[in-house]
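Accompanying notes for the structure given below.
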Amino acid sequence: MTTCVPKVFAFHEFSDVAEAVADYVVYAQNIALRPKESNNNSKRPSISSTSVVNNGNNLNAPMDGLSLDKSSRSSSRSSSTTSASTSISHQSTVTVNKLKRPKEIRFKIAISGGSLIQVLHEGLLKRTDIRWDKWDIYFADERLVPFESSESNYGQSKRKILDLIDTEKYGTPNVFHIDESLIDDPQECADAYEKVLIKGFAGRDSVKLPMFDLFLLGCAPDGHIASLFPNFQDNLREKYAWVVPVENAPSGPSNRISLTIPIICHSHRVSFVVEGAVKAPIIKTIMERPEKGLPSSIVNEGAAGRVSWFVDDDALNDVFVLKKKYKFREVGSSNTTT
Ligand SMILES: O=C(O)[C@H](O)[C@@H](O)[C@H](O)[C@H](O)COP(=O)(O)O
């Protein structure tokens with residue numbers, strides 16, 4: 001493995017980490033939403049947007065009128081054939097075909113569990129420039145426990161972030177969580193979540209691999225990221241599956257599912273958020289000994305140039321790495337290239 005040096009943004013305090021991460025999230029959001037939005041708005045057919053999961057309540061609703069699933073697409077095709085007999089419906093069919101149903105631009109983000117949820121709670125909820133109604137939120141991994149458990153990544157993010165959004169003001173994000181009824185069967189659960197991803201990204205990237213605008217990860221003291229553990233080589237080497245089942249995890253709930261390394265590394269941006277002295281030894285290994293092949297080192301290498309670390313000074317104690325000062329953007333700005 002070659003040595004890849006990611007950007008490492010260092011902070012004195014936890015609250016500074018939270019503010020910078022929130023700033024970076026908004027920056028990624030603005031980049032994702034800005035470029036094509038003005039092009040598409042004028043041409044967009046009047047098909048209204050409906051959430052897949054509004055705060056996680058309904059996984060089966062259609063994603064939105066502009067990103068139809070396969071069955072919806074084929075039914076719209078067949079209705080265009082049958083409606084060709086009247087000039088009005090023919091006209092509207094032609095219009096829709098001409099416009100090729102431009103996809104609504106969404107900000108697609110994956111988040112992990114653990115302390116990251118608290119970081120996002122502190123950083124995001126006070127921002128006034130988050131366009132929550134444009135967010136599609138997925139989970140980097142999930143512990144297979146009931147949502148009401150404090151160990152559930154979705155459950156925690158719902159309680160600490162999603163339920164606290166002022167949705168009257170900012171709208172409601174689409175939230176894509178696992179199927180809670182499958183928590184006793186990791187393989188089934190992983191397969192079902194992969195289907196959720198396929199549906200959510202259909203058409204966007206030809207579904208070769210989903211491309212998240214931002215993939216947010218923590219890193220545990222044992223070196224696991226998402227639910228990819230250092231010694232689980234099969235999972236770390238997985239090339240084809242987007243989501244893998246994890247059994248007998250060495251820490252926390254033993255059954256989990258996790259998005260895989262190729263999905264993480266295919267993201268536009270990948271950020272690690274790590275704080276606390278307890279993390280210093282593992283950060284030292286990740287940064288100084290990439291040849292050990294810890295999951296984070298694999299991502300540093302696989303997504304080279306797109307990886308940033310938001311770390312407090314405690315977690316960087318005795319770590320030999322070039323620290324950068326994080327430069328806050330102006331609200332609404334997306335004019336930097338980090
Ligand atoms: O479900 C999980 O286990 C998490 O998604 C995991 O990958 C987390 O990010 C790390 O364990 C770090 O957690 P802490 O930040 O709480 O140490």
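Note that the coordinates shown come from a computational prediction; the quantities given were computed from them, not determined experimentally. Counting starts at 1 for both ligands and their atoms, in listed order.
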**Study point:** side-chain contact (heavy atoms from CB on, under 4.5 Å) between D141 and L259, worked out
**Key:** CA-CA 6 Å; D141 68 312; L259 272 57; over 6 Å; no

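Residues forming a side-chain contact (heavy atoms from CB on, under 4.5 Å) with D314 (at least two apart in sequence, or on another chain): A277, D312. Among residues two or more places apart in sequence or in another chain, the side chain to side chain donor-acceptor pair (under 3.5 Å) test is passed with S258 by none. By the salt bridge (Lys or Arg N to Asp or Glu O under 4.0 Å) test, R289 pairs with E291, sequence neighbours left out.
Residues F201 and F212 bring their aromatic ring centres within 6.0 Å.
Under 4.0 Å is where a charged nitrogen must lie from a carboxylate oxygen, and between E19 and K126 at least one such pair does.
Listed by chain and residue number, the protein contacts of ligand 1 are S112, G113, G114, S115, D141, R143, N153, G218, C219, A220, H224, I225, A226, R256, K279 (heavy atom within 4.0 angstrom).
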